[in-house]
Amino acid sequence: MVLSDKEIREIITPLLLSGAKMLDKHCPRCGSPLFELNGKVFCPVCEQRKKHGEVELKSVEENLIQKLNMLANTLPNDVNELRKYLEVMDMIITLLEKYKRMEGRK
Ligand SMILES: [Zn+2]
């Protein structure tokens with residue numbers, strides 16, 4: 001995957017500001033310039049992508065909990081609307097319980 005403008009803005013600019021040194025070598029995987037910080041050479045973009053990948057692996061439960069919190073924080077006053085929210089929350093909780101059981105079996 002080629003480096004996007006967003007990644008340059010969000011990853012490379014803060015790195016430069018934090019004092020990391022940009023080398024004139026490039027990452028063979030994504031084409032980002034390599035950086036050196038505390039004597040360690042690394043590709044910030046690949047490291048970032050790797051981190052994202054790990055998060056996504058365990059995100060089913062996290063996403064559900066996040067959604068549940070979001071719903072709980074925005075409960076409507078209208079009773080009919082509220083009923084819909086509560087039904088969805090109930091479904092999410094059921095799903096979470098199933099998911100936990102699934103995890104426990106491993
Ligand atoms: Zn890279």
Side-chain angles (χ1 to χ4, degrees):
M1 219 192 342
V2 182
L3 194 62
S4 69
D5 285 349
K6 187 166 169 267
E7 282 172 320
I8 293 175
R9 260 199 327 270
E10 290 180 357
I11 302 170
I12 293 182
T13 308
L15 255 182
L16 285 171
L17 293 174
S18 77
K21 201 169 84 185
M22 188 161 85
L23 306 174
D24 63 358
K25 285 179 221 148
H26 288 78
C27 171
R29 284 172 63 194
C30 70
S32 154
L34 295 176
F35 280 77
E36 188 185 329
L37 188 63
N38 305 323
K40 197 183 135 210
V41 175
F42 63 99
C43 168
V45 176
C46 287
E47 294 217 339
Q48 184 76 12
R49 286 177 184 169
K50 213 164 63 189
K51 256 187 253 164
H52 278 286
E54 281 164 16
V55 168
E56 270 161 31
L57 278 178
K58 52 176 178 182
S59 70
V60 177
E61 197 175 0
E62 277 169 358
N63 277 338
L64 285 172
I65 291 171
Q66 202 180 19
K67 193 66 79 186
L68 190 64
N69 285 333
M70 197 200 78
L71 288 171
N73 283 321
T74 54
L75 287 179
N77 292 321
D78 183 87
V79 177
N80 286 326
E81 282 295 302
L82 183 63
R83 194 197 303 270
K84 277 186 221 154
Y85 271 62
L86 293 178
E87 269 169 24
V88 175
M89 286 170 74
D90 192 54
M91 272 156 55
I92 292 177
I93 290 166
T94 309
L95 257 174
L96 275 170
E97 278 168 0
K98 272 192 202 155
Y99 189 77
K100 269 193 199 125
R101 241 175 285 147
M102 219 167 68
E103 288 281 287
R105 223 182 285 153
K106 267 184 211 160

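In this text the structure is predicted, and so the values were computed from the model without any measurement. For ligands, and for the atoms within them, numbers begin at 1 and follow the listed sequence.
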Check for a donor-acceptor pair, side chain of Asn38 on one end and backbone N or O of Lys40 on the other, with a separation under 3.5 Å. no

Check the Zn ion (ligand 1) and write out every protein N, O or S atom at under 2.8 Å, as residue and atom. Cys27 SG, Cys30 SG, Cys43 SG, Cys46 SG

Quick check: do Ile12 and Glu7 have side-chain heavy atoms less than 4.5 Å from each other? no

State, yes or no, whether a side-chain contact exists between Ile65 and Glu62 at a heavy-atom distance under 4.5 Å. no

List for me each residue that meets salt bridge (Lys or Arg N to Asp or Glu O under 4.0 Å) alongside Lys6, sequence neighbours excluded, and say none if there are none. Glu10

Could you tell me whether the side chain of Cys30 reaches within less than 4.5 Å of the side chain of Arg49, counting heavy atoms only? yes

Side-chain touch Cys46/Ser32, heavy atoms, less than 4.5 angstrom: no

